[in-house]
Amino acid sequence: MFKSHNFIHALCLLSVFSTAFGQLKIGDKLPGIQLQNNEDVAIDLQSYQGKVILVDFWASWCAPCRVANKKMAPFYKQYKSEQFEVVGISVDTDKQKWNNAITKDKLEYGQLIDPNGFDAKSAVLFGVEQLPSSYLFDTTGTLVSINPTEEEIIQLIKKIK
Amino acid sequence: MKNINLKSILIAAFVLIASTNSYSQISKAEIIATGLTCSMCSNAINKQLKSMAEVESVSTDLNTNTFTVTLKDNNAVTPNILKESVEKTGFFIGSMVLTMDLGNVQVAENQKVERPSGTYIFVNNSTKTGPIKVQVLNDGFVTKKEFKKSAKLQAKFAQATANENTYLIKSI
């Protein structure tokens with residue numbers, strides 16, 4: 001009796017750990033997560049599927065993220081007409097600072113917020129261990145690259161044609 | 001039966017007294033980490049600190065880039081253990097401020113306080129008693145720049161800080 005109890009406990013623990021430390025691997029599908037955008041509308045990540053998608057985790061207080069933002073803004077403008085979409089997920093806990101950063105960095109792509117730092121559900125699900133971290137999905141919603149270079153993104157966009 | 005009850009009550013009371021009396025341990029550590037990259041942009045330090053058995057919780061203040069580590073009661077954590085934990089993640093200590101209860105110690109310059117978590121030598125006077133906040137000034141506990149700046153002070157206490165687990169502290 002005791003043994004079976006222990007076994008069940010062990011299984012429960014195992015499942016907790018495997019989900020807690022679960023992280024997206026190359027070949028995994030775009031997860032369905034709903035988050036609020038900067039217009040207070042709940043957006044499902046999967047609603048972007050069909051395009052080349054770059055999911056970009058960042059925060060307003062993260063200096064290297066802000067540097068990356070300033071590069072991504074013109075890059076997005078250049079390629080948005082070619083079935084390319086960027087979805088920023090901020091783990092900011094302060095929405096005002098988040099909004100200010102979006103304005104300041106002139107970000108025109110989708111902006112979602114998961115206001116819980118590294119403990120944010122989406123960050124845990126993706127396996128984000130540092131900021132910035134970005135995840136490139138192809139048109140079928142399959143993860144093809146983590147922290148891709150601009151060249152890798154361009155290559156994938158050109159592949160659609 | 002009665003005797004056993006009495007005994008266990010006595011033991012419990014003794015343990016309670018002993019534990020409340022052990023105002024020697026560090027209850028909280030506020031750590032600023034430095035490194036080549038943004039320390040708050042990595043989950044590594046947070047994870048590493050949380051993985052320590054003696055750590056109750058870790059919180060981060062993004063305005064001051066500080067990790068606040070709350071330690072469990074009766075822990076045996078030394079400042080060196082905390083430092084090594086942070087360094088495991090590839091970062092360094094920029095500042096470490098400890099909260100500890102030294103009891104009825106009247107803080108005075110050059111005063112040496114020996115506690116299970118280490119030997120502490122004060123560099124300043126303070127009127128505070130009970131739980132106090134102190135900054136560790138040893139090499140590796142402040143930035144290189146600050147350490148160099150405090151050369152005179154370091155030289156004055158060099159003999160003492162050469163001993164193991166001995167810390168130069170400033171009451172703040």
Side-chain angles (χ1 to χ4, degrees), chain A residues 13 16-24 55-72 88-102 104-105 113-135 146-147, chain B residues 27-72 77 81-97 99 142-146:
Chain A
L13 264 180
V16 165
F17 276 114
S18 57
T19 48
F21 295 112
Q23 59 182 58
L24 240 47
V55 177
D56 181 29
F57 284 90
W58 69 289
S60 67
W61 45 262
C62 158
C65 302
R66 304 297 296 276
V67 173
N69 277 355
K70 276 158 202 154
K71 277 189 180 174
M72 188 46 72
I89 299 181
S90 159
V91 295
D92 268 279
T93 47
D94 187 328
K95 284 197 179 183
Q96 190 58 50
K97 284 183 179 162
W98 171 55
N99 274 313
N100 290 348
I102 293 171
K104 199 167 180 213
D105 297 348
I113 190 160
D114 200 348
N116 213 356
F118 283 104
D119 296 326
K121 271 186 189 160
S122 59
V124 173
L125 181 68
F126 273 79
V128 175
E129 287 297 331
Q130 58 186 37
L131 295 175
S133 274
S134 61
Y135 298 79
I146 297 172
N147 296 323
Chain B
S27 59
K28 204 165 87 180
E30 288 152 81
I31 298 170
I32 296 175
T34 60
L36 291 175
T37 56
C38 151
S39 64
M40 307 308 275
C41 303
S42 160
N43 199 17
I45 299 173
N46 192 24
K47 258 189 161 174
Q48 175 65 36
L49 291 169
K50 272 186 184 162
S51 74
M52 294 170 70
E54 304 92 340
V55 169
E56 178 83 49
S57 66
V58 180
S59 65
T60 49
D61 184 336
L62 297 164
N63 293 317
T64 55
N65 287 342
T66 307
F67 294 90
T68 301
V69 187
T70 307
L71 295 156
K72 287 179 184 161
V77 169
I81 291 175
L82 288 168
K83 173 175 169 277
E84 278 159 21
S85 186
V86 169
E87 286 176 352
K88 258 189 211 165
T89 65
F91 288 90
F92 300 98
I93 303 284
S95 159
M96 188 188 285
V97 172
T99 304
V142 291
T143 60
K144 283 273 166 239
K145 206 173 156 187
E146 274 172 77

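Chain A is the first sequence line, chain B the second, and so forth, proteins listed ahead of strands; every chain is numbered from 1.
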Interchain contact, B/Asn63 with chain A, by part (heavy-atom threshold 4.5 Å) =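 Contact with chain A: side chain only.
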Tell me if the [atom1] atom of [X] is crowded by more than 12 foreign heavy atoms within 6.0 Å.
{"X": "A/Lys71", "atom1": "NZ", "result": "no"}
{"X": "A/Lys70", "atom1": "NZ", "result": "yes"}
{"X": "B/Phe92", "atom1": "CZ", "result": "no"}
{"X": "B/Lys72", "atom1": "NZ", "result": "yes"}

Between atom OG1 of A/Thr93 and atom CG of B/Leu62, what is the distance when rounded to the nearest 0.5 Å?
->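 One gets 6.0 Å once the value is rounded to the nearest 0.5 Å.
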About how many Å separate CZ of A/Phe118 and SG of B/Cys41, when rounded to the nearest 0.5 Å?
->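 Those atoms lie 7.0 Å apart.
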Toward chain B, the part of A/Asp119 with a non-hydrogen atom under 4.5 Å =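 Interface part for A/Asp119: side chain.
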